[in-house]
Amino acid sequence: MFILCLIVYLSSGLLDPEPLTEVDEEMVSEVDLYNTVTDEEREEILSELTKLEEEISTLRQVLASKEKHHSDLKAKLGITPLSELKQNFNRSWYDMQTSTAYKKTSETLSTAGQKTSAAFTTLGTAISRKFGDMRNSPSFKSFEEKVESTVSNIKTKVGSQGGGGSFEEVLSSAAHASAQETPSNNLSESSDHERTC
């Protein structure tokens with residue numbers, strides 16, 4: 001267990017792999033002034049320190065070898081970094097979809113969508129009903145009658161002139177005749193229309 005922790009610690013780059021420098025040695029000698037370490041103990045500590053540095057170096061080599069073996073095995077299985085990334089993404093996506101927060105958000109959005117759809121349906125029905133009411137209104141019927149009268153006047157004049165006048169002339173005279181038929185009626189109908197809108 002200790003070795004595994006040491007490997008993880010070393011792979012994180014937290015230990016300095018370089019030996020002590022002269023400045024560090026000076027600091028150690030200053031510290032030694034305050035500590036009462038005998039020469040024998042000092043040699044023993046230095047020996048232990050040297051062994052630890054060698055073990056650390058060996059563990060780094062073992063770790064590098066294990067990582068290479070690990071990547072070789074993955075390559076033999078056809079596991080590429082891209083496929084691992086895809087698998088991790090799919091796993092994360094699945095975990096997110098099964099989370100409570102995602103489910104609640106999804107349900108809320110679904111409910112909001114249903115309510116919005118119902119509101120648009122109601123609005124569409126109201127508009128359709130309003131158009132239906134407009135078509136049945138006296139103002140619209142009067143307008144429809146005027147259009148039919150104008151069209152029939154144009155047809156009559158075009159037929160009676162035998163093609164002698166231009167379309168613009170016939171249209172202008174039909175519009176003039178239609179306007180003279182009910183001048184007071186036009187004014188009251190437009191004010192009625194403004195009141196209903």
Side-chain angles (χ1 to χ4, degrees), residues 1-137 140 196-197:
M1 182 67 177
F2 172 75
I3 293 176
L4 180 59
C5 290
L6 186 59
I7 290 172
V8 170
Y9 188 70
L10 292 177
S11 66
S12 67
L14 296 175
L15 282 183
D16 188 14
E18 297 182 16
L20 295 175
T21 61
E22 287 182 36
V23 175
D24 293 333
E25 288 177 4
E26 287 175 14
M27 288 177 63
V28 169
S29 13
E30 287 177 17
V31 172
D32 283 349
L33 293 177
Y34 301 109
N35 289 333
T36 55
V37 177
T38 64
D39 287 340
E40 189 176 301
E41 289 174 333
R42 182 177 172 77
E43 286 180 28
E44 194 175 305
I45 292 172
L46 286 174
S47 172
E48 186 177 344
L49 184 61
T50 305
K51 285 179 187 178
L52 280 175
E53 289 173 352
E54 289 173 2
E55 286 179 16
I56 290 170
S57 176
T58 303
L59 289 173
R60 283 195 177 125
Q61 291 171 358
V62 168
L63 180 61
S65 171
K66 296 283 185 186
E67 286 176 341
K68 175 146 180 34
H69 185 62
H70 179 255
S71 65
D72 290 345
L73 290 175
K74 280 185 173 182
K76 285 181 182 178
L77 291 174
I79 301 173
T80 63
L82 182 61
S83 67
E84 279 186 292
L85 181 64
K86 184 179 176 183
Q87 183 181 9
N88 288 341
F89 177 77
N90 288 338
R91 187 179 315 121
S92 297
W93 179 249
Y94 175 77
D95 290 345
M96 185 189 71
Q97 286 180 323
T98 57
S99 72
T100 305
Y102 180 85
K103 287 179 182 177
K104 285 182 181 178
T105 303
S106 179
E107 289 170 4
T108 302
L109 290 176
S110 175
T111 302
Q114 290 169 355
K115 287 182 180 180
T116 303
S117 177
F120 279 127
T121 300
T122 303
L123 180 65
T125 302
I127 290 172
S128 296
R129 189 177 306 126
K130 187 68 176 172
F131 280 135
D133 292 347
M134 260 178 45
R135 280 199 71 137
N136 295 329
S137 72
F140 189 82
T196 58
C197 292

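FYI, side chains are in, hydrogens and waters are out, and symmetry mates aren't considered; it's all heavy atoms of this structure.
- Note that the CG atom of L52 and the OG atom of S57 stand 12.5 Å from one another [nearest 0.5 Å].
- A search for side-chain contact (heavy atoms from CB on, under 4.5 Å) contacts involving E44 returns nothing, not counting sequence neighbours.
- Under the salt bridge (charged side-chain N to carboxylate O under 4.0 Å, His left out) criterion, K76 pairs with no residue at all, not counting sequence neighbours.
- Note that CD of E55 is 11.0 Å distant from CD of E53, once rounded to the nearest 0.5 Å.
- Sorted by first then second residue, the side-chain hydrogen bond (donor to acceptor under 3.5 Å, both in side chains) pairs that include residues 98-127, not counting sequence neighbours, number zero.
- The backbone N or O of E54 sits less than 3.5 Å from a side-chain atom of T58, completing a donor-acceptor pair.
- L49 contributes atom CG, which lies 8.5 Å from atom CD1 of I56 (distance to the nearest 0.5 angstrom).
- Put simply, CG on L73 and CG on L77 are 7.0 Å apart, with the number rounded to the nearest 0.5 Å.
- Residue pairs satisfying the side-chain hydrogen bond (donor to acceptor under 3.5 Å, both in side chains) criterion with at least one member in residues 77-96, sequence neighbours excluded, are listed as follows: K74-E84, T80-S83, N88-R91, W93-Q97.
- Put simply, the side chain of T50 gets close to the backbone of L46: a donor and an acceptor are under 3.5 Å apart.
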